[in-house]
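Remember, it's a predicted structure, so these values are computed and weren't measured experimentally. Both backbone and side-chain heavy atoms feed into the values below; hydrogens, waters and symmetry mates do not.
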Amino acid sequence: VLTWAIGLVSIWSTRRYATPAAAEPGDRLTPLGGLRLFLADFIGTLKVYNFRQLLAFDAAASVSYGVLISLHMLGNIYFWELDSHQIAIILAVPSLLGVSAAMLSVHWLGRRLAKHSILQVSCGLLIVVGIWPYALRLAGLMPENGHPAIFWSLFAQMLLWMYLFILRAIAAQSLTADIADENDLAQGRRQEGALFAASTFTSKMAGAIGPLYGGAVLDVVGLNRGMT
């Protein structure tokens, strides 16, 4: 409900900026013609070098997100031995706080760092944040399971991870808007819709790969029902 409400507010607030494009004389698209036009626009966006690089960068981040989410739950249960109440808090509260913190700080960061720098730094830190509790445990620097420090370490990890992930997403979308100008200069036409559609499609497809990879990993390691 909250998502729908925010979406409606966003649409209503920005409707005056959306101006329909003038139709070309004789334009009547059949379903097949519309699909052909969509594919042509999608392929056309890949002609821009910077957009191809951004898509690859964003796809890698989306795959890592899917992997982390799918395996993080198992890590909380089997590796850290958290109870259901602790897991529920770690999945919900840090996400809300991380998104809020990103929205509040992105303007301040944007005045001090270039967009591509925010993208690079956030992705680099995502790698560190994603593994540091496990690295400390393997190094013998984490307390035994059941200690309060375990819960708060994992809480902080998820909070930082969501904050950085949202920063990465904001920077990527902002760069896509800039690339629309580059595409206009290179091809002589505006393709914001195609660029954002290609970016969103690639991100969603890559995000779906993560859980598939996580499932394959579980098959390889042989984690079966009833194991402790």
inquiry  = Quick one, Thr176 with Leu54, criterion side-chain contact (heavy atoms from CB on, under 4.5 Å). Give me CA distance, side-chain angles, the key distance, then yes/no.
reply    = CA-CA 8 Å; Thr176 301; Leu54 181 61; 3.4 Å; yes

Side chain to side chain donor-acceptor pair (under 3.5 Å) filter on Glu182, not counting sequence neighbours, yields Asn50

Applied to residues 84-99, the salt bridge (charged side-chain N to carboxylate O under 4.0 Å, His left out) test, sequence neighbours excluded, yields none

When rounded to the nearest 0.5 Å, the distance separating OH of Tyr78 from CE of Met73 is 11.0 Å

Worksheet entry | Atom CZ of Phe201 with >12 non-hydrogen neighbours under 6.0 angstrom | no

Review point. After noting the C-alpha distance and the side-chain angles of Leu175 and Phe51, does the key distance pass the side-chain contact (heavy atoms from CB on, under 4.5 Å) rule?
Key: CA-CA 9 Å; Leu175 282 170; Phe51 189 63; over 6 Å; no

| message | Any non-hydrogen side-chain atom of Gln157 less than 4.5 Å from a side-chain atom of Met162? | response | no

Report task. Determine the interplanar angle of the Phe155 and Phe151 rings, folded into 0 to 90°, and report it as parallel if under 30°, tilted if 30 to 60°, perpendicular if over 60°. Result -> tilted

Ring pair (Phe, Tyr, Trp, His ring centres under 6.0 Å) pairs touching residues 88-116, sequence neighbours excluded, are none

So salt bridge (charged side-chain N to carboxylate O under 4.0 Å, His left out) across residues 108-134, not counting sequence neighbours, yields Lys115-Asp178

On a heavy-atom basis, the closest approach of Ile90 and Met158 is O-CG, 3.5 Å

Those residues at least two apart in sequence (or on a different chain) that pass side chain to side chain donor-acceptor pair (under 3.5 Å) with Thr200 are none

Applying side chain to side chain donor-acceptor pair (under 3.5 Å) to Glu192 and not counting sequence neighbours gives Arg190

Review point. Any donor-acceptor pair under 3.5 Å linking the side chain of Ser13 with the backbone of Val9?
Key: yes

Sorted by chain and residue number, the ring pair (Phe, Tyr, Trp, His ring centres under 6.0 Å) partners of Tyr49 (sequence neighbours excluded) come out as none

Salt bridge (charged side-chain N to carboxylate O under 4.0 Å, His left out) pairs touching residues 49-77, sequence neighbours excluded, are Asp58-Arg168

### Message
Please determine whether residues Leu154 and Ile87 belong to a single hydrophobic cluster, defined as Ile, Leu, Val, Met, Phe, Trp and Tyr linked transitively by side-chain heavy-atom distances below 4.5 Å.
### Response
yes

With sequence neighbours left out, the residues meeting salt bridge (Lys or Arg N to Asp or Glu O under 4.0 Å) with Asp83 are none

Practice item. Evaluate side-chain contact (heavy atoms from CB on, under 4.5 Å) for Glu81 paired with Asn76, printing each intermediate quantity in order. Key: CA-CA 6 Å; Glu81 299 178 333; Asn76 287 338; over 6 Å; no

Output for pair (Met103 CE, Ile166 CD1), nearest 0.5 Å, gives 8.5 Å

Acceptor/donor pairs from residues 120-141 side chains to any protein atom, 3.5 angstrom cut, sequence neighbours excluded:
{"residue": "Ser122", "atom": "OG", "partner": "Ile118", "partner atom": "O", "Å": "2.8"}
{"residue": "Ser122", "atom": "OG", "partner": "Leu119", "partner atom": "O", "Å": "3.0"}
{"residue": "Tyr134", "atom": "OH", "partner": "Trp80", "partner atom": "NE1", "Å": "3.4"}
{"residue": "Arg137", "atom": "NH1", "partner": "Asn145", "partner atom": "OD1", "Å": "3.3"}
{"residue": "Arg137", "atom": "NH2", "partner": "Pro143", "partner atom": "O", "Å": "2.7"}
{"residue": "Arg137", "atom": "NH2", "partner": "Asn145", "partner atom": "OD1", "Å": "2.9"}

Enumerate donor-acceptor pairs with a distance under 3.5 Å from any side-chain N or O in residues 92-101 to protein atoms, sequence neighbours excluded.
{"residue": "Ser95", "atom": "OG", "partner": "Leu91", "partner atom": "O", "Å": "3.2"}
{"residue": "Ser100", "atom": "OG", "partner": "Leu96", "partner atom": "O", "Å": "2.9"}

Contacts of Tyr163 meeting ring pair (Phe, Tyr, Trp, His ring centres under 6.0 Å) (sequence neighbours excluded), chain-then-number -> none

One should read off an interatomic distance between Leu109 CG and Leu104 CG, to the nearest 0.5 angstrom, of 11.0 Å

